[in-house]
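Quick notes on the structure that follows.
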Amino acid sequence: MRAQQRITVPSNGGRPAGNTRRDGFVDYSLQRRALLRDVYAGRVGTSEVCDASPYLKSAARFHGEATEKRCPICRREYVMNVHYIYGDQLKQSAGQARSRAELAVLADTLGEFQVYVVEVCRGCDWNHLVEQYLLGRAHRTAPQPSSTAATATSPTGTV
């Protein structure tokens with residue numbers, strides 16, 4: 001008989017802090033690590049992984065979010081995260097790169113859409129899918145009451 005494995009889940013359900021849930025979250029870090037291991041071992045050439053399209057490089061330049069992670073291939077540049085959006089309600093905007101600020105606005109106005117985050121090195125053209133998740137009104141939680149709201153007085157002046 002197999003021993004049972006105990007899994008613990010944080011009290012917040014494994015979700016990030018704040019009032020936005022990240023439903024449908026998929027992390028590709030293990031896939032990235034396996035690919036880099038193959039590159040470092042010489043089983044995969046850098047020309048196979050450093051193949052960012054001109055559109056992706058342009059999106060990184062204009063819509064990318066700077067990170068503090070160095071490129072795992074050239075180790076000279078910092079990678080940029082590019083957020084691509086897809087969903088039925090987006091119509092012509094599906095497949096476009098958007099900034100985090102634009103994602104927040106879209107999350108308040110649309111029911112649901114998918115976000116894909118790609119890391120890109122503008123120096124050597126390394127690129128890899130980092131994560132994907134769902135955003136939109138369907139994935140908002142009720143705001144948590146703040147401590148100041150709990151101590152506020154009522155309109156009549158009493159607590």
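Counting begins at 1 with the first residue of the sequence.
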Exercise. Under 4.5 Å between any side-chain heavy atoms of Pro72 and Arg32, yes or no?
Worked result: yes
Side-chain donor-acceptor contacts of residues 77-92 below 3.5 Å, not counting sequence neighbours, with atom names and distances?
| unit_1 | atom_1 | unit_2 | atom_2 | d |
| --- | --- | --- | --- | --- |
| Tyr78 | OH | Arg70 | NH2 | 3.2 |
| Gln89 | OE1 | Gly111 | N | 2.7 |

For this session: Tell me whether Leu106 is reachable from Val115 by hopping between hydrophobic residues (I, L, V, M, F, W, Y) whose side-chain heavy atoms are closer than 4.5 Å.
Result: yes
Exercise. Has the side chain of Gln31 got a donor or acceptor atom that lies under 3.5 Å from a matching backbone atom of Tyr28?
Worked result: no
Exercise. Step by step, would you call Arg137 with Asp108 a salt bridge (charged side-chain N to carboxylate O under 4.0 Å, His left out)?
Worked result: CA-CA 6 Å; Arg137 287 191 318 261; Asp108 288 338; over 6 Å; no
Seminar exercise, completed: CZ (Arg75) and SG (Cys124) are apart, to the nearest 0.5 Å, by 10.5 Å
Problem set entry | Result of checking Lys69, Glu131, Glu65 against Glu119 for side chain to side chain contact (heavy atoms under 4.5 Å, CB included) | Lys69
For this session: Find out if a path of hydrophobic residues (ILVMFWY) with successive side-chain heavy-atom gaps under 4.5 Å connects Val105 to Leu135.
Result: no
Exercise. Should Val26 and Leu129 be counted in the same cluster of Ile, Leu, Val, Met, Phe, Trp and Tyr side chains packed under 4.5 Å apart?
Worked result: yes
Exercise. Quick one: are Cys74 and Trp126 in side-chain contact, heavy atoms under 4.5 Å?
Worked result: no
Exercise. How long is the span from the NE2 atom in His128 to the CG atom in Leu36, to the nearest 0.5 Å?
Worked result: 7.5 Å
For this session: Can you sort out the partners of Gln96 under side-chain hydrogen bond (donor to acceptor under 3.5 Å, both in side chains), two or more places apart, ordered by chain and number?
Result: Arg98
For this session: Would you check if Phe62 and Ser99 make a side-chain contact, meaning some heavy-atom pair closer than 4.5 Å?
Result: no
Exercise. Got more than 12 heavy atoms from elsewhere within 6.0 Å of CZ, Arg43?
Worked result: yes
Exercise. Is there a path of hydrophobic side-chain contacts, each under 4.5 Å between heavy atoms of I, L, V, M, F, W or Y residues, that connects Leu35 with Val120?
Worked result: no
Exercise. Any side-chain heavy atom of Val117 sitting closer than 4.5 Å to one from Gln132?
Worked result: no
For this session: Determine whether Leu110 and Tyr133 fall in the same hydrophobic cluster, where Ile, Leu, Val, Met, Phe, Trp and Tyr are linked whenever their side-chain heavy atoms lie under 4.5 Å apart.
Result: yes
Tabulate below the donor-acceptor pairs under 3.5 Å that side-chain atoms of residues 45-55 make, not counting sequence neighbours, or state none.
| unit_1 | atom_1 | unit_2 | atom_2 | d |
| --- | --- | --- | --- | --- |
| Asp51 | OD1 | Asn127 | ND2 | 3.1 |
| Ser53 | OG | Tyr55 | N | 3.4 |
| Ser53 | OG | Leu56 | N | 3.1 |

